[in-house]
Amino acid sequence: MDNRPIGIFDSGVGGLTVAKEIYRALPNESTIYLGDTARIPYGPRSPDIIIRFSHQIVSFLITQNVKAIIVACSTASALALASLKKSFSIPLYGMIETTTQSASLATKNGHIAVIGTKGTINSHAFKNCLTRLNPNHKILEQACPLLVPVIEEGIFDGPILTQILSKYLFPLQTFKPDTLILGCTHYPLIASAISQFFSNDPTLINPGEALASSLIESLPEKLRAKSCPKPIHQYYTTDKPEYFNRIAEQFLPHHHFPTKQISI
Ligand code: DGL
C-alpha cells in the first residue's frame with residue numbers, strides 16, 4: 001500500500017480529461033497535476049523539444065514524491081514516453097497503447113480514424129500501434145492543429161469551432177469510420193461538437209477513459225493507496241493559473257483549484 005500521489009501532466013487543461021477519469025476509476029488515489037501552460041501548445045514542436053520538456057516535468061514530479069506518472073498528453077506520449085522510460089525508473093503510463101486497444105475492441109468494420117496534434121499524427125504512433133494489434137485495420141489520420149488553442153480559450157461549441165472542425169473532419173466523412181480516436185487529451189472537451197459531424201455516429205475513444213479503466217487492473221498492488229476518505233488533488237501550472245482555473249472549474253465543478261505557479 002502506498003499513499004503517495006500519482007503525478008499527471010499535460011501541456012495545459014487537456015490532461016484534466018484524463019485526471020477526471022482517474023479520480024473516478026481510482027477514488028482513493030491522491031494526485032499532483034501539472035499543466036505546462038507557459039509552453040503550450042506542444043503539438044507543433046519538434047520531438048527533441050517535447051522530449052526535453054517531458055524530462056523536466058517528470059524530474060519535477062519526482063521531487064514531489066509521486067509514486068507513478070501519467071503522461072496525460074498524447075503528443076508527449078507519442079514522442080517522449082520511450083525516452084522517459086529509458087531515463088527514469090518510476091512507473092510511467094502513456095496514452096497510446098490503452099487508447100488503441102479500446103479502439104481495436106470497439107471497431108466492427110475496421111475503419112478507425114485518428115485525430116490529434118501535428119506532432120502526434122506525424123509520429124504515426126496511434127497508427128503503428130493499431131496496425132500491430134490488427135494489420136487489417138484501415139486507418140485514416142488527420143492533424144487538427146487549431147483545436148488545442150481554441151479549447152484552451154474555453155471555446156467548446158459555437159460557430160468558430162464548427163468552422164475549424166469542418167476543415168478537419170469533412171475529409172473523414174467519406175471514410176466512414178465506425179470508431180474515432182480522440183488522439184489528443186484536449187478533444188474530449190469538444191466531443192459533442194465532434195460527433196455532430198458524422199451521420200453514422202462513430203464510437204469516440206477517449207484516451208483518459210481507456211487509460212483509467214486499464215489502470216484499475218494494471219496499477220501494481222504495492223502502489224495502491226489505502227482506502228482513503230479524502231484523497232488530495234493538487235494542481236500546478238508553469239504560467240499564471242487564472243486561465244487554467246477558469247476552464248478547470250467548468251470542467252471539474254466540485255473541485256477546488258488552489259493552483260500554484262511553478263518554474264521547472
Ligand atoms: N493534450 C495534448 C495532447 O494530448 C495537447 C498537445 C498540445 O499542447 O498541442 O496531445
Side-chain angles (χ1 to χ4, degrees), residues 6-12 14-15 17-19 21-22 31-36 39-64 66-104 112 114-135 137 139 141-143 145 148 181-187 205-215 217-220 223 238 264:
I6 295 176
I8 304 173
F9 80 88
D10 178 44
S11 55
T17 65
V18 182
E21 301 302 332
I22 289 175
T31 60
I32 296 184
Y33 184 96
L34 174 74
D36 192 8
R39 303 188 290 195
I40 194 172
Y42 279 12
R45 297 183 193 275
S46 42
D48 51 330
I49 305 277
I50 303 299
I51 290 171
R52 175 152 56 83
F53 290 175
S54 301
H55 276 245
Q56 289 167 344
I57 293 171
V58 167
S59 301
F60 166 77
L61 288 171
I62 289 172
T63 67
Q64 302 304 299
V66 296
K67 61 185 174 189
I69 295 176
I70 315 288
V71 183
C73 170
S74 302
T75 311
S77 302
L79 301 175
L81 185 64
S83 156
L84 292 171
K85 282 189 167 169
K86 275 194 204 133
S87 304
F88 297 96
S89 56
I90 189 163
L92 285 148
Y93 300 88
M95 294 295 116
I96 310 296
E97 267 184 43
T98 48
T99 306
T100 50
Q101 279 157 4
S102 284
S104 194
I112 302 174
V114 185
I115 55 174
T117 67
K118 266 190 188 154
T120 300
I121 296 303
N122 291 343
S123 77
H124 303 295
F126 282 111
K127 183 175 184 181
N128 293 340
C129 209
L130 285 165
T131 308
R132 273 197 300 276
L133 289 171
N134 184 341
H137 286 324
I139 301 146
E141 301 171 291
Q142 173 70 53
V148 167
I181 292 183
L182 303 177
C184 165
T185 55
H186 280 70
Y187 299 170
I205 307 293
N206 172 343
E209 264 172 35
L211 180 86
S213 51
S214 100
L215 265 189
E217 306 289 323
S218 64
L219 188 68
L223 287 186
T238 51
I264 47 176

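As a basis for the values below, the full set of heavy atoms in this structure was taken, side chains included, without hydrogen atoms, waters or symmetry mates. Positions are given from 1, in the same order as the sequence printed here.
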TODO: Quick one: closest heavy-atom pair of Y33 and G12, and the distance?
DONE: OH-O, 2.6 Å

- [ ] Output the distance between atom OG1 (T238) and atom CD1 (I264), rounded to the nearest 0.5 Å.
- [x] 6.0 Å

Task: Minimum heavy-atom distance between G116 and C184, given as atom pair plus value - done: CA-CB, 4.3 Å

TODO: Report the residues that fulfil ring pair (Phe, Tyr, Trp, His ring centres under 6.0 Å) with F53, sequence neighbours left out, ordered by chain and then residue number.
DONE: Y42

Task: For S104, all residues meeting side-chain hydrogen bond (donor to acceptor under 3.5 Å, both in side chains), sequence neighbours excluded - done: H137

- [ ] Could you tell me the separation between the CD1 atom of I57 and the CD1 atom of I62, rounded to the nearest 0.5 Å?
- [x] 12.0 Å

Task: Donor-acceptor pair, side chain of S46 and main chain of D48, under 3.5 angstrom - done: no

Open item on the list: For A72, is there any backbone N or O sitting under 3.5 Å from a side-chain donor or acceptor partner on T185?
Closed with: yes

- [ ] Check the pair I32, I8 against side-chain contact (heavy atoms from CB on, under 4.5 Å), reporting the backbone distance first and the verdict last.
- [x] CA-CA 6 Å; I32 296 184; I8 304 173; over 6 Å; no

TODO: Please assess L34 against D10 for the test side-chain contact (heavy atoms from CB on, under 4.5 Å), listing each intermediate value before the final yes or no.
DONE: CA-CA 7 Å; L34 174 74; D10 178 44; over 6 Å; no

Open item on the list: Within the 4.5 Å heavy-atom criterion, are L223 and P220 side-chain neighbours or not?
Closed with: yes

Task: Any residue meeting salt bridge (Lys or Arg N to Asp or Glu O under 4.0 Å) with K67, in chain and number order, not counting sequence neighbours - done: E29

Open item on the list: Please enumerate all residues that pass salt bridge (Lys or Arg N to Asp or Glu O under 4.0 Å) together with E141, with sequence neighbours excluded.
Closed with: none

Open item on the list: Taking side chain to side chain contact (heavy atoms under 4.5 Å, CB included) as the definition, give me every residue that meets it alongside E209, ordered by chain and number, with sequence neighbours left out.
Closed with: E21, N206

- [ ] Measure the spacing between CD1 of I96 and CG of L211 and express it to the nearest 0.5 Å.
- [x] 11.0 Å

Task: Set of residues satisfying side-chain hydrogen bond (donor to acceptor under 3.5 Å, both in side chains) with respect to S218, sequence neighbours excluded - done: none

Task: Min side-chain heavy-atom separation V71-M95 under 4.5 Å - done: no

- [ ] Mind checking the NE2-SG spacing from H186 to C73? Nearest 0.5 Å is all I need.
- [x] 8.0 Å

Open item on the list: To the nearest 0.5 Å, what is the distance between CD1 on I139 and OG1 on T131?
Closed with: 3.5 Å

Open item on the list: If you apply the rule side-chain contact (heavy atoms from CB on, under 4.5 Å), what do you find for I115 with I181, and how did you get there?
Closed with: CA-CA 6 Å; I115 55 174; I181 292 183; over 6 Å; no

Task: Residues forming a ring pair (Phe, Tyr, Trp, His ring centres under 6.0 Å) with F9, sequence neighbours excluded - done: none

Open item on the list: Once ring pair (Phe, Tyr, Trp, His ring centres under 6.0 Å) is applied, do any residues pair with H124, and if so which ones, sequence neighbours excluded?
Closed with: none

TODO: Determine which pairs satisfy side chain to side chain donor-acceptor pair (under 3.5 Å) with at least one residue from residues 69-97, sequence neighbours left out, and list them in order.
DONE: H55-S83, T75-T117, T75-T120

Task: All salt bridge (Lys or Arg N to Asp or Glu O under 4.0 Å) counterparts of R39, not counting sequence neighbours - done: D36

Task: Any residue meeting side-chain hydrogen bond (donor to acceptor under 3.5 Å, both in side chains) with T98, in chain and number order, not counting sequence neighbours - done: none

TODO: Side-chain contact test, heavy atoms from C-beta onward, threshold under 4.5 Å: evaluate it for I6 versus V66 and give yes or no.
DONE: no

Task: From CA spacing to verdict: side-chain contact (heavy atoms from CB on, under 4.5 Å), Q142, I121 - done: CA-CA 7 Å; Q142 173 70 53; I121 296 303; 6.0 Å; no

Task: Pairing residues for Y187 by the ring pair (Phe, Tyr, Trp, His ring centres under 6.0 Å) criterion, not counting sequence neighbours - done: none

Task: Distance, nearest 0.5 Å, that separates CD1 of I112 from CG of L130 - done: 4.5 Å

